[in-house]
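What follows is one structure encoded as structure tokens, with my remarks underneath.
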Amino acid sequence: MHKTISVREVFDLEDGSEIELVGWVRSKRSHGKLVFIDLRDSTGVIQVAVKYGLTNSESFQKSLEAKIESAVRIRGKVKKDPRAPGGVEIQCNSLEILSQSLDDFPIRKGVGLKFLLDNRHLHLRSPRVGAIMKIRAELIDAARRWLKENGFIEINCPTFITAAVEGGATLFKVDYFGKTVYLTQSVQFYQEAAIYSLEKVYSLQPSFRAEMSRTRRHLTEFWHLEVEVAFADLWSIMKVIEELLYNMVKSVCEKCREELKILGREIKPELAEPPYPKIKYAEALEILRRKNIELRWGDDFGADEERELSLEFDKPFFVTHYPRESKAFYHMPDPENPSVCLNADLLAPGGYGEIVGGGQRIHDYNLLVERIRENGLNLEDYKWYLDLRKYGSVPHSGFGMGIERVLWWLLKLPHIRSACLFPRTPARIYP
RNA sequence: GCCGGCGUAGCUCAGUCUGGUAGAGCAGCGGGCUGUUAACCCGUUGGUCGGUGGUUCAAAUCCACCCGCCGGCGCCA
């Protein structure tokens, strides 16, 4: 069996062209002696008109029997018709049911959120979900292209780990031949090892967070694009983030017009065009103070403050120089003001929050030891990580980008779940 | 983990405040229809009211506990 033509291509054919199409019955409207079938494949949806008299009688009977989402083969003529959605339809000569649906398809008009999530394996057939997944693929593709063109080497890091990258985040426990190990929540430490061989590296793989986060921006399993660069300070890593994100957004704008149309989203590359505004933590406090939100030095921004802040900008913006006590131990303290660190968080405008987190790492052995102790962590747990600072240690920086977060912001999705084929949240591990 | 909301037909919900024989729309099924746009018209089937226990002559409705889901916060990408 092979496919000769796709739905997308039919729209470019001349009136009267004889075609054979295979696909799935998305919906059906029966008028007695006239049946409309919306035929779906991976490229789109087209209306098929099955008319008694024009279609052979056996096929006409089949069109009445074909249930929603059954697989069918259609033969007929292409016909431009303003009454058809998209202005083109297929006048059916014959219809063959390749695979009849055994039950009525559960995904219907008016079903609720829970039902759609419980039936995600079927819901993903909808053009909307398909469009989001195509855009996701383009986003990832564009990231890989840009990174490769700019000399980054893709590396693959382990998923099983023995200790936390940071003290705070919660890790999933896994039984490893009787030993307790954990699922990775970031490959940063491994990348920091790899830069001494490859200098500019990136990884794209899932990260896991065992947080009971009940929000529309959290997943327990998400795709994490992480980058680490040798001989790079805070400012050069922000440049990498800007250029990378810009090229990802630009590529989606250029190559996913059809998908964006299906989603009703109009986006322009300017949305993410560098340079991005860069404000220091102290300046962020000032902005909030002007909005009558008082925060003390050292207080972290809550979701409300972050939202207020993000309303001040119309493109992604960096917040840098956080108080060192509010960030993980490996962040480089600012030599000019050691009470803050050289971090860079990229926040999306419009209340979508953090999409990138990163900054410059501590490359000095003694300073790192001091910071580990300051945080009450055990030096033994970071033995190999400390080793990296013993042999030709150089300034370096990196970041992590949440692929689903970017997609969530870019497409203004109602929930980050919509950015995944099969989302994983504290309450959802099925299907 | 904390706070709030929800759970009634296959699906989406009303009914709960004020206890008294279980409702609607959609889907399904039967019928009709040659231009619909997740069609429409007529008829019709369908229920352990999330679970357990309690109060009561009587509980979907009141009380207690439990379970599941949704959202906000904290945490983060």
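Numbered from 1 within each chain, the chains take letters A, B, ... in sequence-line order. Computed from a predicted model, the values in this text were never measured in an experiment.
- Remark: the separation of the C1' atoms in B:G68 and B:U8 is 15 Å, to the nearest Å.
- With both ends at atom P, the span from B:G20 to B:U45 equals 25 Å, rounded to whole Å.
- Of all nucleotides listed (B:G72, B:A77, B:U36), B:G72 comes nearest to the side chain of A:Arg216.
- Remark: B:A60 base-pairs with no nucleotide in the shown strands. Criterion, Watson-Crick or G-U wobble with two distances under 3.5 Å.
- Here A:Phe222 lies parallel enough and close enough to stack on the base of B:A77, with planes under 30° and ring centres under 5.5 Å apart.
- Between the NZ atom of A:Lys51 and the C1' atom of B:U36 there is a distance of 11 Å, rounded to whole Å.
- The base-pairing partner of B:U18, taking Watson-Crick or G-U wobble contacts with both distances under 3.5 Å, does not exist among the strands shown.
- Taking atom CG on A:Leu64 and atom P on B:C29, their separation rounds to 12 Å, with Å as the unit.
- B:G30 and B:U18 have their C1' atoms separated by 42 Å, given to the nearest Å.
- A salt bridge links A:Arg289 and A:Glu294; the closest N-O separation between the charged side-chain nitrogens and carboxylate oxygens is under 4.0 Å.
- A gap of 15 Å separates the P atoms of B:G15 and B:U61, to the nearest Å.
- Distance A:His218 NE2 to B:C76 C1': 4 Å, rounded to the nearest Å.
- Atom CD of A:Gln185 is separated from atom P of B:A77 by 8 Å (rounded to the nearest Å).
- Counting only N and O atoms by type, the side chains of A:His224 and A:Gln205 include no donor and acceptor under 3.5 Å apart.
- If you check every strand for non-hydrogen atoms under 4.0 Å, A:Glu404 touches nothing.
- Nucleotide B:C65 has B:G51 as its partner under the Watson-Crick or G-U criteria, with both atom distances under 3.5 Å.
- The partner of B:C40, taking Watson-Crick or G-U wobble pairs whose two distances both stay under 3.5 Å, is B:G32.
- The existence of a salt bridge linking A:Glu354 and A:Arg217 is excluded, since no basic side-chain nitrogen approaches an acidic carboxylate oxygen closer than 4.0 Å.
- When rounded to the nearest whole Å, the span between CG of A:Asp118 and P of B:G7 equals 17 Å.
- The ring of A:Phe189 has its center closer than 6.0 angstrom to the ring center of A:Tyr385.
- Searching all strands for a Watson-Crick or G-U wobble partner of B:G1 with both distances below 3.5 Å returns B:C73.
- No salt bridge links A:Glu149 with A:Arg144; every basic N to acidic carboxylate O contact stays at or beyond 4.0 Å.
- As a whole-Å value, the separation of A:Arg217 CZ from B:G72 P is 7 Å.
- As judged by a 4.0 angstrom heavy-atom cut-off over every strand, A:Asp345 is placed among residues making no nucleic acid contact.
- The residue A:Glu89 sits close to a base: some heavy atom pair falls under 4.0 Å.
- Counting to the nearest Å, the P atom of B:U45 and the CG atom of A:Asp104 are 19 Å from each other.
- Residue A:Arg214 contributes atom CZ, which lies 14 Å from atom P of B:C3 at whole-angstrom precision.
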